Amino acid sequence: MLDSTAVLNPPAPTPRLKPLGPVALLRVLTSNPLEAWTKAHFEDPIVMGGLSVGRVAVLSDPAAIRRVLLENCSNYQKDWLQRRVLSAGLTNGLLTAEGNQWRTQRRALAPLFARKTVMNFSAAMIDAAHALVERLSLHEGRIVDLAVQMTSVTLDVLERTIFSDGFGRDPEDIRLAMKAYFEEIGRIDPFDVLGVPSLIPRPRRRRLRPMLDLFKDTIETIISTRRRRIANDPDGVPRDILTLLLEAKDPETGQVLSEVEIKANILTFIAAGHETTANCITWSLFLLSQSPLWREQIQAEADRELTGDIGDIDGIAERLVETRAVIDEANRLYPPITAISRVALGPDELAGQSIKRGTMVVIAPYVLHRHRALWNKPDSFNPNRFLDGARETIDRFAYLPFGVGPRICIGATFSLQEATIVLATIMRHFTLHLAPGHAVWPVQKVTLRPQGGLPMLVRKR
Ligand code: HEM
């Protein structure tokens with residue numbers, strides 16, 4: 001067990017001294033892209049390179065990142081790899097839309113994820129956290145995969161906040177289909193990495209069909225049922241994300257979302273919101289299991305804030321300040337989205353390098369958050385970085401778990417509130433130890449997760 005003053009350097013691949021050759025790189029990119037980064041990526045402001053398909057610039061200079069994602073963002077479009085990997089079923093949703101379609105949707109959807117709306121979801125998040133405590137209590141003294149449990153609780157939160165009156169069919173069927181579906185699209189297809197045109201069928205994609213159909217049927221039924229309810233009794237319907245989505249309007253043009261866009265966004269919120277937030281809580285649990293000092297501190301905070309009358313429910317996450325700092329530090333060390341990428345539509349200059357049209361610019365939170373020039377002891381776990389004014393010293397463009405600029409994650413507030421509530425509730429009720437003999441290793445399968453899950457021994461406090 002660690003001494004409480006020890007510096008914890010949680011597991012991470014050692015950066016390579018030299019870049020891999022094209023064949024080895026392709027192999028690593030399909031197995032665990034995290035293992036491809038070199039020392040130069042963690043030390044230099046920009047690293048130029050690339051496969052045969054084009055030039056790639058990996059950018060870790062805050063001022064240049066500001067230029068790409070904010071000041072000159074109209075010159076940088078979401079790249080083909082990201083769009084292709086995600087396009088199965090999510091086209092027309094906010095994550096993959098571009099141009100006018102994206103602008104209208106972003107303006108229409110912003111109120112759904114505004115701070116006040118999200119705070120109103122606190123009660124649903126607390127209920128989901130309590131349901132998780134009940135499920136975990138059944139496993140007292142046993143080893144449980146907490147990564148699986150976190151996927152269930154984040155899906156439960158989405159169910160309760162998107163469709164608060166349920167799926168209208170067995171949620172377990174939907175959950176299994178959803179899990180299989182997102183696992184399937186979560187794989188990086190070597191065809192995509194190689195830039196094989198999308199007209200060439202991907203054998204794996206065919207397997208998605210039945211799962212996609214189950215979703216579509218379920219979501220269509222839910223939408224039509226809700227539309228009927230709104231028509232019959234507008235004041236009696238729940239004020240959940242589905243109702244807000246059906247009412248959403250672009251404030252500038254008055255345009256509402258089409259049926260296709262509504263469906264695509266429900267799928268997008270589930271796809272973008274459950275695995276990412278699940279990983280964030282999973283990594284936080286792992287880090288706390290390795291740091292007795294922080295575990296005790298977080299348990300004390302949870303005891304203080306979550307015992308007895310908890311007062312203003314909507315503001316609960318804002319009172320869990322240390323828990324939130326652990327979440328922020330977990331998102332720094334293990335950012336669920338490890339890389340944000342864009343393609344340059346025209347030439348530019350970034351961090352002293354000229355960028356040609358067509359260059360893929362990669363901003364990798366995983367690299368940026370561990371960059372030698374930007375962080376003190378970048379590989380060590382220290383939530384104090386986000387406490388007592390220290391947070392204000394962090395460059396806005398050096399910490400980007402949710403991206404930045406116009407395409408910043410719309411669900412950031414939602415996700416942070418949810419992760420804070422769920423983590424604190426777990427810590428209030430349990431002490432979790434990593435299963436004896438289990439070694440944790442980070443692996444990137446679209447999102448960053450512990451390879452083989454997170455088996456932990458569950459003990460009630
Ligand atoms: C820890 C959890 C999460 C992380 C790390 C995360 C990360 C990100 C990142 C990095 C982006 C920007 C991508 C880019 O610029 O290319 C993004 C966009 C997005 N995220 Fe999240 N996300 C999380 C949770 C959520 C949740 C809970 C939702 C919804 C319920 C959500 C919905 C979206 C959507 C719709 C976009 C696209 C926004 C746009 O392009 O306008 N995310 N997310």
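Index from 1, following the sequence. Fair warning: this is a prediction, and the values are worked out from it, not measured in the lab. When a ligand or atom number is given, it counts from 1 through the structure's own listing order.
- Each of the atoms 34 (C), 35 (C) of ligand 1 lies under 4.0 Å from some heavy atom of Ile410.
- Judged purely by atom type and a 3.5 angstrom limit, Asp156 has no side-chain atom pairing as donor or acceptor with the backbone of Glu159.
- Salt bridge annotation for Glu329-Arg385: present, with a cationic side-chain nitrogen under 4.0 angstrom from a carboxylate oxygen.
- For atom 10 (C) of ligand 1, the nearest non-hydrogen atom from the set Pro406, Pro401, Ala278 comes from Pro401.
- Close N/O approach between Arg106 and ligand 1 is found [any backbone or side-chain N/O within under 3.5 Å].
- A salt bridge between Arg160 and Glu418 is absent, with no side-chain N of the basic residue lying under 4.0 Å from a carboxylate O of the acidic one.
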Would you please test Asp328 and Leu416 for side-chain contact (heavy atoms from CB on, under 4.5 Å) and show each step?
CA-CA 8 Å; Asp328 289 333; Leu416 288 168; 3.9 Å; yes
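- Between the side chains of Asp240 and Thr243, a donor-acceptor pair is found at a separation under 3.5 Å.
- A salt bridge links Asp379 to Arg372: one of the charged nitrogens lies within less than 4.0 Å of a carboxylate oxygen.
- Near Gly273, meaning under 4.0 Å from any of its heavy atoms, are these atoms of ligand 1: 25 (C), 26 (C), 27 (C), 28 (C).
- The side-chain heavy atoms of Pro11 and Tyr334, taken from C-beta on, include a pair separated by under 4.5 Å.
- Considering backbone and side-chain atoms alike, Arg342 places an N or O below 3.5 Å from some N or O of ligand 1.
- Near Leu95, the atoms of ligand 1 lying under 4.0 angstrom from a non-hydrogen atom of the residue are 18 (C), 19 (C), 36 (C), 37 (C).
- Backbone and side-chain nitrogen or oxygen atoms of Trp102 are examined, and one is located within less than 3.5 angstrom of a nitrogen or oxygen of ligand 1.
- Under 4.0 angstrom from ligand 1, there are no non-hydrogen atoms of His274.
- When only modelled atom types and interatomic distance are considered, Asn92 and Gln101 share a side-chain donor-acceptor pair under 3.5 Å.
- With a 4.0 Å heavy-atom cut-off, ligand 1 is reached by the backbone of Ala272 and by its side chain too.
- Close contacts between ligand 1 and Ser415 involve ligand atoms 1 (C), 2 (C), 24 (C), 27 (C) [criterion: under 4.0 Å to a heavy atom].
- Near Gly403, with a cut-off below 4.0 Å to any heavy atom, the atoms of ligand 1 are 10 (C).
- In terms of polar-atom proximity, defined here as any N/O pair under 3.5 Å, Thr268 makes no such contact with ligand 1.
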